[in-house]
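Just so you know, residue 1 is the first one in the sequence shown, and it goes up from there.
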Amino acid sequence: MPAEVLLVEDDPADAEPMFNALREVLESARIARARDGAEALDSLAARGTDAYRASHPTPRLILLDLKLPRIDGIEVLKHIKTNAATMSIPVVVLTSSSQDADLVRSYQLGANGYVRKPMTIEGFRALVQELGRFWLQMIHPVRNPDARA
């Protein structure tokens with residue numbers, strides 16, 4: 001079964017190299033992108049039509065930016081980790097924030113990792129390759145039996 005990745009990133013300059021790197025590493029992966037926190041929560045809740053739900057399966061990994069429009073990444077993380085259907089999904093915060101408070105708060109809310117974004121395309125590629133290999137090829141997730149299919 002192909003891996004499912006939800007990339008939550010509003011900046012196209014960051015999202016494009018991350019998306020491409022995920023495609024390179026995880027050739028059969030289905031990768032969805034949410035452009036803000038509200039879109040991420042909609043995707044995770046499978047709101048909308050049957051076609052939308054079919055194209056947005058429950059992810060096995062979420063890469064989450066913190067500085068998002070509409071609903072920020074901290075609120076998205078809080079929702080993910082307090083919802084029985086999504087709490088077991090690994091969330092790696094991938095942000096440019098250098099504030100220690102963001103790091104501490106992310107781990108307090110249950111983030112599985114916190115990585116500061118590199119500033120070069122090559123750096124993005126290397127980072128996303130490592131994240132993809134670790135979280136989707138090496139780790140065997142526990143699936144919540146109450147989670148939607």
Side-chain angles (χ1 to χ4, degrees), residues 1-48 51-81 83 85-143 147:
M1 176 179 200
E4 314 302 344
V5 179
L6 176 59
L7 173 61
V8 186
E9 174 60 63
D10 63 314
D11 184 348
D14 290 346
E16 186 176 335
M18 286 190 278
F19 192 89
N20 291 338
L22 283 165
R23 281 269 180 248
E24 287 175 22
V25 175
L26 307 165
E27 296 167 356
S28 64
R30 292 180 61 182
I31 303 165
R33 177 177 169 219
R35 289 163 180 79
D36 60 49
E39 193 175 305
L41 293 178
D42 283 347
S43 178
L44 290 167
R47 297 181 183 129
Y52 181 86
R53 284 193 293 275
S55 66
H56 291 79
T58 302
R60 286 188 47 210
L61 173 65
I62 299 170
L63 301 178
L64 177 65
D65 188 17
L66 291 184
K67 309 301 181 195
L68 297 169
R70 297 186 357 170
I71 299 174
D72 73 18
I74 291 292
E75 288 302 312
V76 172
L77 179 61
K78 188 183 305 181
H79 176 83
I80 291 167
K81 294 302 182 177
N83 183 316
T86 56
M87 66 181 9
S88 66
I89 301 170
V91 178
V92 176
V93 172
L94 193 55
T95 185
S96 57
S97 174
S98 59
Q99 297 178 9
D100 288 339
D102 286 339
L103 172 91
V104 170
R105 188 72 177 133
S106 295
Y107 280 122
Q108 286 173 337
L109 291 172
N112 299 87
Y114 187 99
V115 179
R116 290 198 173 95
K117 293 179 194 172
M119 295 299 141
T120 66
I121 291 174
E122 294 79 19
F124 274 124
R125 185 174 294 116
L127 173 63
V128 173
Q129 286 174 343
E130 290 304 313
L131 289 173
R133 281 188 190 108
F134 181 76
W135 285 107
L136 298 172
Q137 295 175 345
M138 296 177 69
I139 300 298
H140 299 282
V142 172
R143 294 308 248 167

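Listed by chain and residue number, K81 satisfy the side chain to side chain donor-acceptor pair (under 3.5 Å) test with N112 (two or more places apart in sequence, or in another chain). Every residue meeting the side-chain contact (heavy atoms from CB on, under 4.5 Å) condition with R105, not counting sequence neighbours, appears here in chain and number order: I74, K78, Q108, L109. When the side-chain contact (heavy atoms from CB on, under 4.5 Å) test is applied to L127, the partners found at least two apart in sequence or on another chain are L94, V115, P118, L131. Evaluation of the salt bridge (charged side-chain N to carboxylate O under 4.0 Å, His left out) rule for R70 yields D36 as partners, not counting sequence neighbours. Qualifying side chain to side chain donor-acceptor pair (under 3.5 Å) partners for R116, counting only residues two or more places apart in sequence or in other chains: none. Shown here are the side-chain contact (heavy atoms from CB on, under 4.5 Å) partners of E130, two or more places apart in sequence or in another chain: R133.
To the nearest 0.5 angstrom, I71 atom CD1 is 9.0 Å from H79 atom NE2. For the atom pair CE (M18) and CG (L7), the distance works out to 5.0 Å, reported to the nearest 0.5 Å. The structure places CG of L6 at 5.0 Å from OG of S43, a figure rounded to the nearest 0.5 Å. Here the CG-CZ distance, from L61 to F134, works out to 10.5 Å after rounding to the nearest 0.5 Å. Atom CG of L44 and atom CG of N83 lie 8.5 Å apart (nearest 0.5 Å). Within the model, atoms CD of E75 and CD1 of I80 stand 11.5 Å from one another, a figure rounded to the nearest 0.5 Å.
Residue pairs that meet the salt bridge (charged side-chain N to carboxylate O under 4.0 Å, His left out) test with at least one member in residues 92-104, sequence neighbours left out, are K67-D102. The list of salt bridge (charged side-chain N to carboxylate O under 4.0 Å, His left out) pairs with a residue in residues 10-20, not counting sequence neighbours, reads D14-K117.
Contact detail for A34 and E39: the closest heavy-atom pair is CA-OE2, 3.3 Å. Contact detail for P12 and P17: the closest heavy-atom pair is O-CD, 4.2 Å.
At least one side-chain heavy atom of L77 sits under 4.5 Å from a side-chain heavy atom of L64. Side chains of V93 and Y107 form no contact here, defined as non-hydrogen atoms less than 4.5 Å apart. Using a 4.5 Å cut-off on side-chain heavy atoms (C-beta onward), E9 and L63 make no contact.
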